[in-house]
K.L.:
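After the structure tokens below, expect a handful of questions from me.
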Protein chains: 2
Amino acid sequence: MSTSSDDLRAIALAEFATAGYSATSLHRIADLAGLSKSSVLYHYSSKETLLEATIAPALDRMEQILDALEARTLSPEGRTAFLAEFVDFILQYRLEVNMFINQGPSLVDVPVIDRANDLVVRLSEYFAANTGSVEEKMRFGIALGGAAYMLCRADSLNFESAPIEQTRVALVNILTELLAPVDPITTNRI
Amino acid sequence: MSTSSDDLRAIALAEFATAGYSATSLHRIADLAGLSKSSVLYHYSSKETLLEATIAPALDRMEQILDALEARTLSPEGRTAFLAEFVDFILQYRLEVNMFINQGPSLVDVPVIDRANDLVVRLSEYFAANTGSVEEKMRFGIALGGAAYMLCRADSLNFESAPIEQTRVALVNILTELLAPVDPITTNRI
DNA sequence: TGCCAAACTGACCGATCGGTCAGCTGCTGT
DNA sequence: ACAGCAGCTGACCGATCGGTCAGTTTGGCA
């Protein structure tokens with residue numbers, strides 16, 4: 001396969017995530033790739049097609065994780081195991097996640113974004129965001145949006161780059177603390 | 001004072017926050033206000049001026065909070081008191097906060113956005129994000145980005161509207177849990 | 001009434017947007 | 001040697017962008 005398609009996808013991902021989809025022109029993507037705008041439209045028939053190719057792999061992986069998750073029983077152990085899996089997903093696809101977290105609402109009516117939003121709803125339902133208390137719902141929202149924000153803006157907030165494993169462990173800790181089920185008797189976190 | 005200016009500012013804020021700055025045209029803002037594009041440019045000499053008028057009040061308030069904060073001593077009590085103040089700020093200016101949290105990096109070289117980014121850096125320094133552990137920095141990033149994300153996307157995540165006071169209390173709880181200082185002896189959260 | 005400034009408008013401008021198209025280049029299989 | 005195709009390009013298109021400008025409407029005040 002030609003590397004141009006993959007290059008374009010990677011460049012588009014970085015630009016879409018950092019500058020925003022509508023603020024990124026095909027001309028700029030072409031320049032960064034050392035190609036002409038026509039060549040970009042040769043590989044991807046439209047800007048929207050390029051967007052779809054950019055985040056589809058992340059959505060496929062997320063769908064796979066959710067499918068496996070919903071097949072299991074909803075035990076606290078399942079939740080904990082899922083969190084590690086979910087953190088790995090975020091770390092691997094942090095640009096894509098940040099993109100449809102931050103820009104999802106502004107890109108409605110784009111099919112691939114609608115698919116992403118559906119996945120977020122499925123995820124929120126797993127964490128009982130629909131039936132839990134207000135604070136439970138807020139915990140889910142903060143964990144999801146916060147992880148996506150922090151992983152993409154770490155550079156601009158004077159974070160020196162940390163070992164990836166250290167980041168992973170810290171993220172699992174924080175998300176577990178935020179999302180662990182509440183003991184229904186004492187209403188304290190267990 | 002004419003209400004047109006204020007109407008335009010409110011409309012622009014809502015559009016900039018939900019659809020994004022670069023994805024919102026002056027024509028659309030004018031339509032929503034029932035005016036012509038020329039009238040928008042009569043009240044605000046440029047799109048950037050409108051952006052500045054849109055988020056400047058929130059930045060003024062944030063600067064005021066940070067000034068008062070840095071004048072106090074850096075005690076745990078001061079931290080706790082600040083968190084309540086900070087939560088009130090986020091609740092009052094949630095659209096503005098969400099805007100420069102999510103779109104700040106994509107709007108560099110706009111003076112008012114640079115000012116907003118400087119404020120975020122000041123805030124992160126207060127929480128020792130520079131000198132703390134990796135997990136401490138991540139907690140700050142998740143709290144800031146997560147609160148901004150959750151408050152603006154609550155509607156789209158099947159959150160039925162909750163009483164504002166309940167939201168406020170829950171947010172203070174969560175942010176306190178995320179940002180409370182670590183006991184240096186036991187390295188457990190106190 | 002007449003006047004003037006604030007509010008507002010439509011016509012217009014250059015730039016840039018996403019996208020189309022005809023054609024050029026270089027490699028591969030026969 | 002030649003056919004064919006993938007990769008790539010510049011010229012061009014209509015639409016829309018932010019912004020300018022001359023001119024009209026409107027409302028309060030002398």
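Proteins come first, then strands; the chains are lettered A, B, ... in the order of their sequence lines, and each starts at number 1.
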K.L.:
Check this one for me: any side-chain N or O of A/Ser39 less than 4.0 Å away from OP1 or OP2 of D/dC8?
P.N.:
no

K.L.:
Can I get a per-line list of side-chain donor-acceptor pairs under 3.5 Å for residues 162-171 of chain B, giving both atom names and the distance, sequence neighbours left out?
P.N.:
| from | atom 1 | to | atom 2 | distance (Å) |
| --- | --- | --- | --- | --- |
| B/Thr167 | OG1 | B/Pro163 | O | 3.3 |
| B/Arg168 | NH1 | B/Asp88 | OD1 | 3.0 |
| B/Arg168 | NH1 | B/Asp88 | OD2 | 3.2 |

K.L.:
Taking only residues two or more places apart in sequence, or in another chain, which ones meet A/Glu52 in a salt bridge (charged side-chain N to carboxylate O under 4.0 Å, His left out)?
P.N.:
none

K.L.:
If a protein heavy atom is under 4.0 Å from the base, mark B; if only from the sugar-phosphate, S; if neither, -; do that for nucleotides 15-20 of chain C going 5' to 3'.
P.N.:
--SBBB

K.L.:
Between B/Tyr42 (OH) and D/dT25 (C1'), how many Å, whole number?
P.N.:
13 Å

K.L.:
Looking at B/Leu151, is its backbone amide N or carbonyl O close enough to the side chain of B/Arg94 to form a donor-acceptor pair, meaning the two atoms are under 3.5 Å apart?
P.N.:
yes

K.L.:
Hey, could you give me each pair passing salt bridge (Lys or Arg N to Asp or Glu O under 4.0 Å) that has a residue in residues 27-43 of chain A? Not counting sequence neighbours.
P.N.:
A/Glu15-A/Arg28

K.L.:
Can you give the donor-acceptor pairs under 3.5 Å from side chains of residues 99-114 of chain A to other protein atoms, not counting sequence neighbours?
P.N.:
| from | atom 1 | to | atom 2 | distance (Å) |
| --- | --- | --- | --- | --- |
| A/Asn102 | ND2 | A/Asn98 | OD1 | 3.0 |
| A/Gln103 | OE1 | A/Tyr21 | N | 2.8 |
| A/Gln103 | NE2 | A/Phe16 | O | 2.7 |
| A/Ser106 | OG | A/Gln103 | O | 2.8 |

K.L.:
Measuring to OP1 and OP2 of C/dA6, would you say a side-chain N or O of B/His43 lies under 4.0 angstrom away?
P.N.:
no

K.L.:
Mind checking what makes salt bridge (charged side-chain N to carboxylate O under 4.0 Å, His left out) contact with A/Glu63, not counting sequence neighbours?
P.N.:
A/Arg115

K.L.:
For A/Ala33, which residues count as a side-chain contact (heavy atoms from CB on, under 4.5 Å) partner, sequence neighbours excluded?
P.N.:
A/Leu8, A/Ile11, A/Leu35

K.L.:
Using side-chain contact (heavy atoms from CB on, under 4.5 Å) as the criterion, list what pairs up with B/Ser46, not counting sequence neighbours.
P.N.:
B/Glu48, B/Thr49

K.L.:
Does anything in residues 7-17 of chain A come within less than 4.0 Å of DNA chain D? Heavy atoms only, and list the residues if so.
P.N.:
none

